[in-house]
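Note: hydrogens, waters and symmetry copies are ignored here, and every other heavy atom, side chains too, is used.
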Amino acid sequence: TMATAALLEAERYDAVLVAVGAAPIIPPIPGLDRAVPATALYGKEDTASGKVVVIGGGQVGCETAFYLARLGKDVTIVEMCDRLAPDASPTHRAELMQEMEKMSHLKIAVNLRCMQVTGNTVEGQVADGSIRSLPADTVVLAAGMRARTDVVDALLYTAPYVFPIGDCVRAATVEQAMQAAYTAAHCL
């Protein structure tokens, strides 16, 4: 059931924890409308076929690429910065990078800014201004998440105590969301 302000107010709850998550950031890149957000791919990994390009090398992009490569798919990560998964915890990042290095189906293209998706290619610009084309039958978007603050705002006054937690406050890690939930529960 979709939680709405009317539903919550009718039930007269003492407290509401709002954990409605975040939505994918879709940068203004021509052709990106044919990309599949990484979160939409969960449970539908078999729809990623042929050569897969993951745009975004944060934790979500790396984990998605790693998982698809483990399934035997030919995957390339495109990241505009020089470092992968800077948003991951240090311990997790170190282990993830070690495991990714072992994968023959996983390629990494850092310092490559995605410029457009055309036909079956992803085109990116290298620091020197040159353009690099990568074959892509499936394009996965993992360019970050945006907090769903509009939904939070609609639910703010539905109970005496309303606690927004997790990605709906700001896109963060699972550990941070769990800490926020723990803190909110202790306030009740």
Side-chain angles (χ1 to χ4, degrees), residues 1-48 52-68 75 77-81 83-90 92-93 96 113-117 122 136 138-188:
T1 301
M2 177 67 75
T4 63
L7 174 70
L8 296 174
E9 289 166 351
E11 294 293 327
R12 301 178 59 105
Y13 291 107
D14 295 324
V16 174
L17 298 179
V18 181
V20 294
I25 292 173
I26 303 175
I29 297 171
L32 205 56
D33 55 325
R34 71 172 271 237
V36 179
T39 55
L41 196 61
Y42 301 150
K44 300 175 189 168
E45 297 83 2
D46 57 328
T47 62
V52 179
V53 173
V54 176
I55 299 173
Q59 182 173 341
V60 171
C62 287
E63 288 178 349
T64 301
F66 176 76
Y67 181 65
L68 292 172
V75 183
I77 299 172
V78 172
E79 170 55 46
M80 65 183 186
C81 296
R83 186 170 182 241
L84 294 176
D87 53 336
S89 68
H92 177 63
R93 183 183 182 282
L96 180 60
R113 181 184 175 95
C114 181
M115 300 304 288
Q116 68 178 345
V117 178
V122 169
T138 303
V139 179
V140 179
L141 180 62
M145 302 293 282
R146 177 174 289 118
R148 295 179 62 202
T149 55
D150 56 330
V151 179
V152 173
D153 291 346
L155 302 176
L156 272 181
Y157 301 103
T158 58
Y161 300 99
V162 177
F163 298 96
I165 59 172
D167 282 352
C168 70
V169 176
R170 77 176 167 81
T173 65
V174 172
E175 294 93 347
Q176 291 165 327
M178 300 267 299
Q179 180 63 46
Y182 179 82
T183 301
H186 273 300
C187 290
L188 296 175

* Asked: What heavy-atom pair brings Pro164 and Val169 nearest, and what distance separates the two atoms?
  -> O-CG2, 3.4 Å
* To do: Determine the minimum heavy-atom distance between Thr64 and Ala38, stating which atoms define it.
  => OG1-CB, 3.7 Å
* For Gln59, does its backbone N or O pair with a side-chain atom of Arg93 as donor and acceptor, under 3.5 Å? -> no
* To do: Measure the shortest side-chain to side-chain distance between Ile55 and Val117 over non-hydrogen atoms and say whether it is less than 4.5 angstrom.
  => yes
* Asked: What are the two closest non-hydrogen atoms of Cys168 and Ala147, and how far apart are they?
  -> O-CB, 3.4 Å
* Asked: Looking at Leu17 and Ala184, what are the two nearest heavy atoms and their distance?
  -> CD2-CB, 3.7 Å
* **pair Thr39-Met145: side-chain heavy atoms closer than 4.5 Å** => yes
* Asked: In terms of heavy-atom contacts, does CG of Asp14 have more than 12 from other residues, nucleotides or ligands at under 6.0 Å?
  -> no
* Is there side-chain contact between Leu41 and Leu68, with at least one heavy-atom pair below 4.5 Å? -> yes
* Any side-chain heavy atom of Cys187 sitting closer than 4.5 Å to one from Tyr161? -> no
* Evaluate the side-chain proximity of Val75 to Phe66: yes if any heavy-atom separation is below 4.5 Å, no if none is. => no
* Asked: Once you round to the nearest 0.5 Å, how far does CZ of Arg170 lie from OG1 of Thr149?
  -> 14.0 Å
* Answer yes or no: does atom CZ of Arg34 have more than 12 heavy-atom neighbours from other residues, nucleotides or ligands under 6.0 Å? => yes
* Looking only at non-hydrogen atoms, find the nearest pair between Leu84 and Glu79 and report the distance. => CD2-CB, 3.9 Å
* Asked: Quick one: CZ on Arg113 to CD1 on Ile29, what's the gap to the nearest 0.5 Å?
  -> 7.5 Å
* **Contact check, side chains of Val54 and Cys62, non-hydrogen atoms, under 4.5 Å** => no
* **Any donor-acceptor pair under 3.5 Å from Glu11 side chain to Glu9 backbone** => no
* With a cut-off of 6.0 Å (strictly less than), are more than 12 heavy atoms of other residues, nucleotides or ligands near OH of Tyr67? -> no
* Asked: Thr158 and Ala154: which non-hydrogen atoms are nearest, and at how many Å?
  -> CG2-O, 4.3 Å
* Considering only heavy atoms from C-beta outward, does the side chain of Leu8 approach that of Leu155 to under 4.5 Å? -> yes
* To the nearest 0.5 angstrom, please state how far the CE atom of Met178 sits from the CD1 atom of Ile165. => 10.0 Å
* Plane angle bin for Tyr182 and His186 - parallel if under 30°, tilted between 30 and 60°, otherwise perpendicular -> perpendicular
* Measure the CD1-CG distance between Ile26 and Leu32 for me, rounded to the nearest 0.5 Å. => 7.0 Å
